[in-house]
**Student:** 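Quick one: structure below, then a few questions.
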Amino acid sequence: MIIKPLMAAVVALSLGALPAAADTLDLNNSQAVVDANAPQRGMSMQRVESKWGQPARRVAAVGQPPITRWEYDGFTVYFEYDKVIHSVATR
C-alpha cells in the first residue's frame, strides 16, 4: 500500500527536475502589420479594389470559411468571404 504514494512522490520530484523551455517569437524577422493607410478589418473587396486598384495577384479562396488573398506592392490583404480580416506588410 505504501508503494503507490511513494511512486507518485518519485514521479512528481522527477518532473520538477526537468528544465523549462519556451518558444521565442522574433518580431524583427516577421511580417509587420500595415499602418492605417492599408485596408482595415471589415472593408469589402469592392471598397479595397476601388481605393487601391487591382491587386498584382489574386489567390483563390481556400478552406472553410473561404480565405482569399490579394497581393499588392508592399502589402497583402486577407479576406474571409468578401471582408478584410487582416493586412500585412510584405518585403
**Student:** For Arg47, is there an ion pair with Glu49 - N to carboxylate O distance below 4.0 angstrom?
**Tutor:**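 Salt bridge flag = no for Arg47 with Glu49.
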
**Student:** Side chain to side chain contact (heavy atoms under 4.5 Å, CB included) between Ile67 and Ile85: does it pass, once the steps are laid out?
**Tutor:** CA-CA 9 Å; Ile67 304 297; Ile85 56 171; 3.9 Å; yes

**Student:** Does the Gln40 side chain pair with the main chain of Ala38, one donor and one acceptor, at a distance under 3.5 Å?
**Tutor:**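 Here the side-chain-to-backbone pair exists.
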
**Student:** What closest approach, in Å, do Met43 and Pro39 show between heavy atoms, and which atom pair accounts for it?
**Tutor:**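 For Met43 versus Pro39, the nearest heavy atoms are SD-CA, 3.6 Å.
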
**Student:** Report the relative orientation of the aromatic rings in Trp52 and Phe75; use parallel for angles under 30°, tilted for 30 to 60°, perpendicular for over 60°.
**Tutor:**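 Answer is perpendicular, since the angle exceeds 60°.
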
**Student:** Side chain to side chain contact (heavy atoms under 4.5 Å, CB included), that's the test. Do Val88 and His86 meet it? Break it down for me.
**Tutor:** CA-CA 7 Å; Val88 295; His86 200 59; 3.2 Å; yes

**Student:** Can you give me the closest heavy-atom contact between Thr68 and Tyr81, atom names plus distance?
**Tutor:**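 So the two residues come closest at OG1-O, 4.5 Å.
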
**Student:** Measure the spacing between OG1 of Thr76 and CZ of Arg57 and express it to the nearest 0.5 Å.
**Tutor:**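 Reported value, rounded in 0.5 Å steps: 9.5 Å.
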
**Student:** Given the rule that I, L, V, M, F, W and Y join up when any side-chain heavy atoms are under 4.5 Å apart, are Val59 and Val48 in one cluster?
**Tutor:**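 No; tracing contacts between hydrophobic side chains, which count when under 4.5 Å, never links both residues.
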
**Student:** To the nearest 0.5 Å, how far apart are CD in Glu80 and CZ in Arg41?
**Tutor:**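 Separation between the atoms: 9.5 Å.
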
**Student:** Check for me whether the distance between the ring centres of Phe79 and Trp70 falls short of 6.0 Å.
**Tutor:**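 Between Trp70 and Phe79, which both carry aromatic rings, the centre distance is below 6.0 Å.
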
